[in-house]
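Start at 1 and go down the list; that is how both ligands and their atoms are numbered. Start at 1 with the first residue, then count along the sequence.
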Amino acid sequence: MERICPLCNSLSNIKITCSVCGGEMEDKGRVQEFRDSYAPEDELEYENGDCRHVFQCNQCNELKNVGIKSLYI
Ligand SMILES: [Zn+2]
Ligand SMILES: [Zn+2]
């Protein structure tokens, strides 16, 4: 069995509602690739090897760091 991130592998499309304006947040890629512009404030939350992605609101540009549950294939 192999452990994969459904977002990195385009297996699912997760939509998140912005807590600030209620708009739609889009996946902007893995947190590791977003380091320059996003403070790794919860770096200690790399729990269970979940892939962490940055989501950005397409209305107010709010950023959110989300842990994505891995799939086993
Ligand atoms: Zn991922
Ligand atoms: Zn927003």
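A salt bridge links E26 to K28: one of the charged nitrogens lies within less than 4.0 Å of a carboxylate oxygen.
The SG atom of C57 and the SG atom of C21 meet at the Zn ion (ligand 2) at an angle of about 100°, given to 10°. Around the Zn ion (ligand 1), the angle linking C51 (SG) with C5 (SG) is 110°, rounded to 10 degrees.
Rounded to the nearest 0.5 angstrom, S70 OG and E2 CD are separated by 11.0 Å. To the nearest 0.5 angstrom, K69 atom NZ is 9.0 Å from R3 atom CZ.
Within H53, the N, O or S atom lying nearest to the Zn ion (ligand 1) carries the name NE2.
Nearest heavy-atom pair, L7 versus S12, reported as atom, atom and distance to 0.1 Å: CD2-O, 3.2 Å.
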